[in-house]
Amino acid sequence: LGKDGLIQAMGISFTVSTLALALGLALTGGYTPEAAGASVLMLLPALAGMALGTWLRGRMSAQAFKRCFMVSLALLGAYQAVQGWTA
């Protein structure tokens, strides 16, 4: 996938998983009004990050984008591995 196709696919995946999580929480009574309010407030930094990401993606070459994307995935994986070992 190209830059835009990859981001679109990830957005669809994140949206579906978020809706599934919200539905699961609602069905088990884990989605309180306080949690809903906090979720709405957390949309603001998420939207700001999306705007920044869109701006950056528009200014990067496909190769630079791919390199940054893969490095960030590797760092995230390393972080999760360290958390698993130290827990």
What residues form a side-chain hydrogen bond (donor to acceptor under 3.5 Å, both in side chains) with E34, not counting sequence neighbours?
-> T32
Donor-acceptor pair, side chain of S17 and main chain of S13, under 3.5 angstrom | yes
Taking K3 for its side chain and M60 for its backbone only, find out whether a donor-acceptor pair lies under 3.5 Å.
-> yes
Pairwise side-chain contact, M10 with F69, heavy-atom cut-off 4.5 Å (strictly under) = yes
Salt bridge (charged side-chain N to carboxylate O under 4.0 Å, His left out) contacts touching residues 4-32 (sequence neighbours left out) | D4-R57
Excluding sequence neighbours, so at least two apart, what forms side chain to side chain contact (heavy atoms under 4.5 Å, CB included) with L19?
-> T15
Is M50 isolated, or which residues cluster with it under the ILVMFWY side-chain rule of less than 4.5 Å, directly or via members?
-> L47
Residues two or more places apart in sequence or in another chain: which of them pass side chain to side chain contact (heavy atoms under 4.5 Å, CB included) with L25?
-> L21, Y31
Look at the side-chain heavy atoms of Ile, Leu, Val, Met, Phe, Trp and Tyr, link any pair under 4.5 Å apart, and say whether L73 and L6 land in one connected group.
-> yes
If you count the non-hydrogen atoms of other residues, nucleotides and ligands that lie under 6.0 Å from CD in Q63, is the total more than 12?
-> no
Nearest-0.5 Å distance, CG of residue L23 to OG1 of residue T28 | 9.5 Å
So which residues get pulled into L52's cluster when ILVMFWY side chains under 4.5 Å apart are joined, directly or through others?
-> W55, L56
Would M70 end up clustered with F65 when hydrophobic side chains under 4.5 Å apart are linked, directly or stepwise?
-> yes
